[in-house]
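Working notes for the structure below.
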Amino acid sequence: MPSSNFIVFGAPSIERDEIDEVVRCLESGWIGTGPRVARFEKEFAAYKGQPFAAAVSSCTAAMHLSVLAAGIGEGDEVITTPMTFCATVNAIVHAGATPVLADVDPRTMNVDPAQVEARITRKTKAILAVHFAGRAANMDALTEIAARHGLKVIEDCAHAIETEYHGRKAGTFGDFGCFSFYATKNVTTGEGGMVLTRNEEDLARIKMLALHGMSKDAWKRFSDEGYKHYFVVETGFKYNMMDLQAALGIHQLRRVESNWRRREEIWQQYNQAFAGLPLTLPAETEPDTRHAYHLYTILIDEAATEITRDEFLDAMTANDIGVGVHYLSVPEHPVYQDKFGWCPEDYPHAMRIGRQTVSLPLSAGLTDAEVARVIAAVRKTIGAKSKGVRAKGREQRAEPLPLALRS
Ligand SMILES: Cc1ncc(COP(=O)(O)O)c(C=O)c1O
């Protein structure tokens with residue numbers, strides 16, 4: 001049992017509006033897929049400026065269905081990044097296709113377009129790009145490569161609800177944009193996902209596959225419009241979102257911008273507080289892009305900090321600070337080594353990042369006092385081990401810290 005003082009990593013910020021909507025939903029008698037899901041889809045599509053959205057049970061489901069709807073399967077290859085959650089790769093595998101990894105740019109931690117191009121074969125059918133941590137992937141280069149080779153583009157926007165790239169929103173570049181509303185995400189429905197598309201036929205196929213392959217609007221079969229027969233036209237999946245979940249999402253989405261501003265504030269405080277420490281902080285956001293500030297990741301290089309990444313994780317936990325690792329690179333996991341013969345050394349940038357990375361709490365719900373506790377714990381942990389470097393860091397720090405942030 002964590003102590004009451006423990007800062008839960010990625011704790012959602014749930015307010016009265018969500019709670020009241022969930023209660024109204026429970027009282028309405030319609031808790032499964034229904035009118036609230038339809039409203040959430042409409043409002044999410046409007047927020048992203050895309051004509052169509054299909055709510056599903058997770059981003060994993062969204063990506064699985066997108067790969068299928070792209071007509072990709074057995075014998076086809078999809079190129080993606082090793083610096084992602086296993087779900088990205090699993091979705092390709094679930095569709096029967098073969099995932100192919102391309103290493104990341106060590107600065108942005110996003111897939112390196114040159115590496116993508118180098119992995120294209122006659123079997124390649126799509127690029128599945130991840131906007132890692134909320135930082136926009138290089139969509140100019142990726143969409144240009146895709147157009148030149150006749151590939152589909154699918155975006156894993158699990159971290160990227162608010163992300164923009166050269167004036168366009170993440171999830172609107174490719175054929176499909178896939179979003180997660182998992183408990184730690186910038187907009188949460190507990191579990192949940194969404195597919196954005198600009199093609200009405202793709203939307204219809206995704207909606208049908210998400211509900212067992214039942215014909216259009218089968219979810220309305222018990223509504224006050226009277227019982228409706230349906231036909232099963234494909235062997236689909238059980239990937240639908242419930243109204244109970246959408247009840248949360250509708251109100252979460254209304255606060256998406258104010259929550260983003262709060263996370264930006266925390267991000268800047270971390271940047272300022274850690275500037276002198278021997279850590280690698282997140283790279284500057286690229287010009288003409290908007291970072292979603294989903295994960296604040298620091299790299300712990302033992303040579304500089306005299307503490308290993310895992311010792312750092314333990315020290316933060318001992319200080320009642322919940323931390324995360326996003327991610328060990330995909331080829332570190334035994335299942336992919338067995339299945340595809342991948343080894344981490346073949347993707348050296350992702351391997352190094354995965355072995356050094358730590359995500360600090362960045363929830364919009366963090367209080368100033370909690371942010372100050374995170375900063376103090378990082379300073380204490382790094383400082384205790386690397387006094388020499390810390391002293392150097394102090395000299396380098398340009399601005400005095402605001403009072404609230406002093407440890
Ligand atoms: C990059 C990335 N892709 C996909 C997923 C899967 O999302 P979900 O849990 O909604 O299936 C996650 C979830 O953490 C993620 O971080």
Side-chain angles (χ1 to χ4, degrees), residues 8-12 37 40 44 53-68 78-95 99 101-102 104 108-111 126-137 142 153-163 170-171 174 176-196 206 210 237-242 245-246 248-249 252-253 291-297 322-330 332-333 336 350 353-354 357-359 361-363:
V8 175
F9 181 85
V37 168
F40 185 39
F44 193 81
V56 289
S57 53
S58 68
C59 183
T60 313
M63 291 189 288
H64 179 193
L65 297 181
S66 296
V67 176
L68 290 175
V78 177
I79 302 179
T80 192
T81 168
M83 185 40 57
T84 187
F85 189 50
C86 58
T88 317
V89 168
N90 289 351
I92 299 168
V93 177
H94 293 330
L101 300 180
V104 296
T108 65
M109 305 185 187
N110 274 321
V111 77
I127 300 170
L128 205 176
V130 178
H131 301 285
F132 179 74
R135 179 185 302 275
L142 294 175
V153 174
I154 300 170
E155 295 171 74
D156 178 342
C157 301
H159 302 174
I161 290 171
E162 308 88 341
T163 301
F176 302 96
C178 303
F179 294 82
S180 174
F181 307 122
Y182 175 63
T184 59
K185 297 299 191 267
N186 293 355
V187 165
T188 185
T189 58
E191 295 280 2
M194 190 81 79
V195 183
L196 283 185
I206 281 174
F237 306 88
K238 186 69 169 75
Y239 280 169
N240 53 309
M241 178 184 276
M242 301 195 300
Q245 295 165 297
L248 289 169
Q252 285 272 301
L253 188 60
H291 201 300
Y293 301 125
H294 177 58
L295 296 172
Y296 189 94
T297 61
V323 280
V325 171
H326 301 90
Y327 302 91
L328 271 188
S329 73
V330 170
E332 299 271 11
H333 299 291
Y336 306 115
I353 293 164
T357 193
V358 175
S359 304
L362 188 63
S363 304

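Just follow the structure's listing: the first ligand is 1, and inside any ligand the first atom is 1. One-based numbering along the sequence shown.
Atom 12 (C) of ligand 1 has F85 CD2, 3.6 Å as its closest protein atom, hydrogens excluded (heavy atom only). When only non-hydrogen protein atoms are considered, atom 4 (C) of ligand 1 lies nearest to D156 OD2, 3.5 Å.
No more than 12 heavy atoms of other residues, nucleotides or ligands sit less than 6.0 Å from atom OH of Y182.
Ring pair Y327/H159 is parallel by interplanar angle, where below 30° counts as parallel and above 60° as perpendicular. The aromatic rings of Y336 and H333 sit perpendicular, their planes meeting at an angle over 60°, well past the 30° parallel limit.
Heavy-atom proximity to M63, at under 4.0 Å, picks out these atoms of ligand 1: 4 (C). Counting atoms of ligand 1 from 1 in the listed order, those under 4.0 Å from a heavy atom of G192 are 10 (O). Per-residue contacts place T84 under 4.0 angstrom from the following atoms of ligand 1 (heavy atoms of the residue considered): 1 (C). Distances below 4.0 Å separate heavy atoms of T88 from the following atoms of ligand 1: 3 (N).
Closest of all the heavy-atom pairs between P361 and G322 is CG-O, 3.3 Å.
Within the 4.0 Å heavy-atom criterion, both parts of T60, backbone and side chain, lie near ligand 1. Contacts with ligand 1 closer than 4.0 Å are made by no heavy atom of F179, backbone or side chain. At a heavy-atom cutoff of 4.0 Å, ligand 1 is contacted by the side chain of K185 but not by its backbone. Contacts with ligand 1 closer than 4.0 Å are made by side-chain heavy atoms of A87 only, the backbone lying farther away.
When only interatomic distances are considered, the shortest N/O to N/O separation between C59 and ligand 1 falls below 3.5 Å. Polar contact with ligand 1: present for Y327 (N/O pair, distance under 3.5 Å). An N or O contact shorter than 3.5 Å links H159 to ligand 1 by distance.
For atom 2 (C) of ligand 1, the candidate residues are A183, S58, A158, C178; the nearest heavy-atom contact is made by A158.
Between the side chain of T80 and the backbone N or O of L128 there is at least one donor-acceptor pair closer than 3.5 Å. Panel note: side chain N186, backbone E162; no donor-acceptor pair is recorded below 3.5 Å.
Side-chain contact between I353 and S329 is absent, with no heavy-atom pair separated by less than 4.5 Å. The shortest distance between side-chain heavy atoms of L68 and F237 falls below 4.5 Å.
Applying side chain to side chain contact (heavy atoms under 4.5 Å, CB included) to C178 and the options I154, V130, D156 leaves one that passes, I154.
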